[in-house]
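If you read the sequence from its start, that first residue is 1, and numbering goes on from there. Indexing begins at 1, ligand by ligand and atom by atom, following the structure's order.
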Amino acid sequence: MITLKKPDEIERMRRAGRIVADVLIMMEDLIKPGVDTLSLDEAAEDLILRAGAKAAFKGYRVAGIPSPFPSAICVSINEEVVHGSPSRERLLREGDIVSIDVGAVIDGYYGDAARTFPVGPVSPGRAFLMEVTYKALHMGIGQVKPGNTIGDIGHAVETWVLGQGCGLVRDYAGHGIGRRMHEAPQVPNHGRPKNGLTLKAGMTFCIEPMVMSGAEPVKSLSDGWTVVTKDGSDAAHFEHAMLVTEDGVEILTPWE
Ligand code: MG
C-alpha cells in the first residue's frame with residue numbers, strides 16, 4: 001500500500017534524513033587511502049546513536065539470506081555494487097571508488113541514502129562512472145512532481161545511463177520509505193514514460209541508480225549480501241530519499 005505522509009510524519013522523515021546526510025558528509029573527511037572500512041562503520045554508527053537514532057541496516061533481515069546484515073553502513077568497493085560489509089582487514093586503497101549506503105530510524109521513521117566516493121585520485125574511467133551515476137540520480141529526481149509517473153523516473157535514468165555507454169543494474173530498485181525502510185512503490189531505474197503509478201504530493205521514496213562500466217548482469221557473493229558485477233567491471237551508486245511536494249520535490253537526505 002502506498003501511504004501519503006502527513007506533516008508530522010514528514011517532519012520525522014526530515015530528521016532521519018538529516019542524520020543519514022550527516023553520515024555521508026562526515027565520510028568526505030574519513031575516506032582516504034589506508035583507512036580500514038570497519039572504522040568508517042564505527043564512526044557512522046556513533047553519529048547515528050548520538051543523534052538519538054538507530055542504525056537501520058544493522059540486523060536487517062532479508063528472506064533467503066541466512067544472516068542479518070552485520071553493520072550500520074554498506075561499504076561497496078570497485079566491482080562491488082551494493083551491500084558490501086565493512087571489516088577491520090579491508091582497507092581502502094588509493095584509486096578505489098567506494099560506495100557508502102546508510103540508513104537511520106528515529107521516532108519510527110526511516111532515512112536512506114548512498115553516495116560513491118573516490119579514494120584519493122582515481123582513473124578517468126572511474127571518475128566518469130561516478131559522474132554518470134550521480135547525474136542519473138538527478139535525471140530521476142528531475143521527473144519528480146505530481147502528475148508524473150514512476151515510469152517517467154525510470155525512463156529518465158535509463159536513457160541517460162545507456163546514452164553514456166554505461167551498464168544499468170536492473171536487479172535492484174529504489175523504493176518507498178517511511179514507517180519502514182522499504183515500502184511500496186518500487187522505483188525501478190528503467191521504465192516507460194507515462195507508465196506506472198502516478199506521483200502525488202505526500203509520497204516519499206528513494207531513487208537509487210546503480211551503474212556499471214560493463215554491461216553484464218550482477219551476482220551475489222557467498223555471504224548472501226555482497227552484490228558484485230559479473231564481469232568485474234566497476235560500479236557506482238547514488239541515492240536520495242525524497243518527498244513529492246505540491247509543486248515538485250523536496251530532498252529528505254541533503255548530503256550535497
Ligand atoms: Mg535504498
Side-chain angles (χ1 to χ4, degrees), residues 2-3 5 12-24 27 41 44 48 53-63 65 68-76 80-86 98-106 108-117 133-134 136-141 143-144 150 153-154 157 161 168-191 197 203-212 218 220 225-227 235-244 249-256:
I2 292 149
T3 56
K5 270 67 174 186
R12 282 182 272 179
M13 291 190 70
R14 284 193 188 104
R15 287 170 62 202
R18 179 72 255 170
I19 294 164
V20 159
D22 286 345
V23 169
L24 292 176
M27 290 295 155
D41 184 61
I48 291 168
K54 268 178 58 182
F57 294 176
K58 198 170 186 172
Y60 192 77
R61 286 183 176 275
V62 169
I65 303 180
F69 192 74
S71 48
I73 56 173
C74 301
V75 181
S76 308
E80 296 174 350
V81 183
V82 286
H83 308 160
S85 304
V98 57
S99 302
I100 306 289
D101 193 347
V102 56
V105 53
I106 189 161
Y109 285 80
Y110 284 80
D112 179 11
R115 175 176 171 188
T116 302
F117 297 84
T133 313
Y134 170 77
L137 170 60
H138 282 278
M139 292 293 171
I141 292 170
Q143 293 297 316
V144 179
I150 292 286
I153 296 171
V157 171
V161 169
L168 189 62
V169 177
R170 294 170 189 272
D171 299 5
Y172 298 86
H175 50 90
I177 185 168
R179 291 176 67 97
R180 288 181 299 152
M181 191 157 62
H182 298 113
E183 303 185 346
Q186 269 215 355
V187 186
N189 293 309
H190 52 93
L197 179 79
M203 287 180 182
T204 48
F205 51 79
C206 295
I207 299 178
E208 49 177 319
M210 289 149 258
V211 178
M212 308 170 281
V218 298
S220 294
W225 284 105
T226 312
V227 177
H237 177 211
F238 285 85
E239 174 181 23
H240 270 307
M242 65 203 74
L243 164 74
V244 183
V249 60
E250 176 186 330
I251 301 296
L252 296 171
T253 49
W255 51 253
E256 295 181 55

Could you point out which residue of Glu256, Glu208, His138 forms a side chain to side chain donor-acceptor pair (under 3.5 Å) with His240? Glu256
Residue pairs involving residues 176-191 (criterion salt bridge (Lys or Arg N to Asp or Glu O under 4.0 Å); sequence neighbours excluded): Lys5-Glu183
Which atoms of the protein, restricted to N, O or S, are nearer than 2.8 Å to the Mg ion (ligand 1)? Asp112 OD2, His175 NE2, Glu208 OE2, Glu239 OE2
Give the intermediate values and the outcome of side-chain contact (heavy atoms from CB on, under 4.5 Å) for residues Ile153 and Phe205. CA-CA 12 Å; Ile153 296 171; Phe205 51 79; 3.9 Å; yes
Verify, without hydrogens or angle tests, whether His175 (side chain) and Met181 (backbone) share a donor-acceptor contact under 3.5 angstrom. yes
Hey, what's the ring geometry for Phe238 with Trp255, parallel, tilted or perpendicular (30° and 60° as the breaks)? tilted
Any Lys/Arg nitrogen of Arg115 or Glu239 sitting under 4.0 Å from an Asp/Glu carboxylate oxygen of the other? no
